[in-house]
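Notes for the one structure printed next.
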Protein chains: 2
Amino acid sequence: MARAATTSDAFNAIAEPQRREILVLLRGGERPVTDLARDLGMTQPQASKHLRVLREVGLVRVRGAGKQRLYGLDARGLRPVHEWVGGFERFWSESFDRLDEYVQELKQARQEGPHDGDDQ
Amino acid sequence: MARAATTSDAFNAIAEPQRREILVLLRGGERPVTDLARDLGMTQPQASKHLRVLREVGLVRVRGAGKQRLYGLDARGLRPVHEWVGGFERFWSESFDRLDEYVQELKQARQEGPHDGDDQ
DNA sequence: TTGACACATTCCGATATAGGCATATGATGG
DNA sequence: CCATCATATGCCTATATCGGAATGTGTCAA
């Protein structure tokens, strides 16, 4: 199997930076594809493709306006994401407290000789 | 180009459901790989791979404990995600407000008898 | 040292992405 | 109907994923 489809999830859809930028821009109101493409420095087909993904996960809606098609934000799908991540809120505060402890541990470990390979 | 690496971002790392489940489990405290694998119904290599990704984006830390390696949560990397998504909070509330309006409109429309075909 | 256990890494295959480019579809105005 | 503008889609390549199975590495205990 390959990675889950970008269209399978809001999580997957917003994993792509350019799509995130599109969403941010759309907070300012409905806009046509060409506008978005220009403002984000991407080609029109690129923008269209990203918008297709966003539409398929329901983060964006289209509305025909004559020759143009106005894309608008529908942020409801971001709520579950926000809630899931929010479930870790108390842990990242906590992490800051423990950071000191952790640094101490690291120093000790290094003095006792390298155990953990530095990753990356 | 292909999709951005799963290790390039917290956004990308948490796009994978199994990795999200791992993180949730780790809220309960440090745990060895085998434990996680068993609880999530995946093979040990799978779990190891996912943990590697999580480690590379800094969402997880390892600590050698004799024969075992205890994985622990480091949720700090989730904070930016939470903040980014939080930037849309007022938009999904707004959507809900409009949803109500819309529902009201629908009810009225039905009472007055069908006028316009709904689009899509 | 050897065996046993915990875990990491590698190789494979199938899949789907993002980007670039060309082109099709669609609506508008004349 | 035609030319034009706005947008969508198709095709192609390179890349990276996830999954599975096998195997490598590391640590303890006797």
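A, B, ... follow the sequence lines: proteins, then strands. Residue 1 opens every chain.
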Quick check on contacts: within residues 5-28 of chain B, what sits under 4.0 Å from DNA chain D by heavy-atom distance? B:Ala5, B:Thr6, B:Glu16, B:Gln18, B:Arg19
Could you tell me the separation between the CH2 atom of B:Trp84 and the CD1 atom of A:Ile14, rounded to the nearest 0.5 Å?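 Here the interatomic distance stands at 5.0 Å.
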Which label fits B:His82 and A:His82: parallel for a plane angle under 30°, tilted from 30 to 60°, or perpendicular past 60°?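 Parallel, since the angle between the ring planes stays under 30°.
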May I have the distance from B:His50 (atom NE2) to D:dG19 (atom C1'), rounded to whole angstrom?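 Value for this atom pair: 9 Å.
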NZ of B:Lys67 versus C1' of D:dT27: gap in Å, rounded?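 Rounding to the nearest Å, NZ of B:Lys67 and C1' of D:dT27 are 7 Å apart.
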Are B:Thr6 and B:Arg19 side-chain neighbours, meaning at least one heavy-atom pair lies under 4.5 Å?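 With C-beta onward as the side chain, the pair touches.
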Residue pair A:Val81, B:Phe11: steps toward the side-chain contact (heavy atoms from CB on, under 4.5 Å) verdict: CA-CA 11 Å; A:Val81 178; B:Phe11 282 97; over 6 Å; no
Could you pull out the protein-nucleic contacts involving nucleotides 8-14 of chain D (nitrogen or oxygen on both sides, under 3.5 Å)?
from: D:dA8; atom 1: OP1; to: A:Arg69; atom 2: NH1; distance (Å): 3.1
from: D:dA8; atom 1: OP1; to: A:Tyr71; atom 2: OH; distance (Å): 2.2
from: D:dA8; atom 1: OP2; to: A:Ser48; atom 2: OG; distance (Å): 2.4
from: D:dA8; atom 1: N7; to: A:Gln44; atom 2: NE2; distance (Å): 2.7
from: D:dA8; atom 1: N6; to: A:Gln44; atom 2: OE1; distance (Å): 3.4
from: D:dG10; atom 1: O6; to: A:Lys49; atom 2: NZ; distance (Å): 3.0

Taking [Y]'s backbone N and O only, do any of them form a donor-acceptor pair with [X]'s side chain (distance below 3.5 Å, no angle check)?
X	Y	answer
B:Asn12	B:Thr7	no
A:Arg31	A:Leu36	no
B:Arg27	A:Gly87	yes

Is there a path of hydrophobic side-chain contacts, each under 4.5 Å between heavy atoms of I, L, V, M, F, W or Y residues, that connects B:Val53 with B:Leu23? no
If hydrophobic clusters are built by linking Ile, Leu, Val, Met, Phe, Trp and Tyr wherever their side-chain heavy atoms come under 4.5 Å apart, do B:Leu70 and B:Ile22 end up in the same one?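 In one cluster: no.
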Do A:Ser48 and A:Gln44 get their side chains close enough for a donor-acceptor pair, meaning under 3.5 Å? yes
Stretch residues 35-43 of chain A: residues that reach within less than 4.0 Å of DNA chain C through a heavy atom: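 Going residue by residue through residues 35-43 of chain A, none turns out to have a heavy atom under 4.0 Å of DNA chain C.
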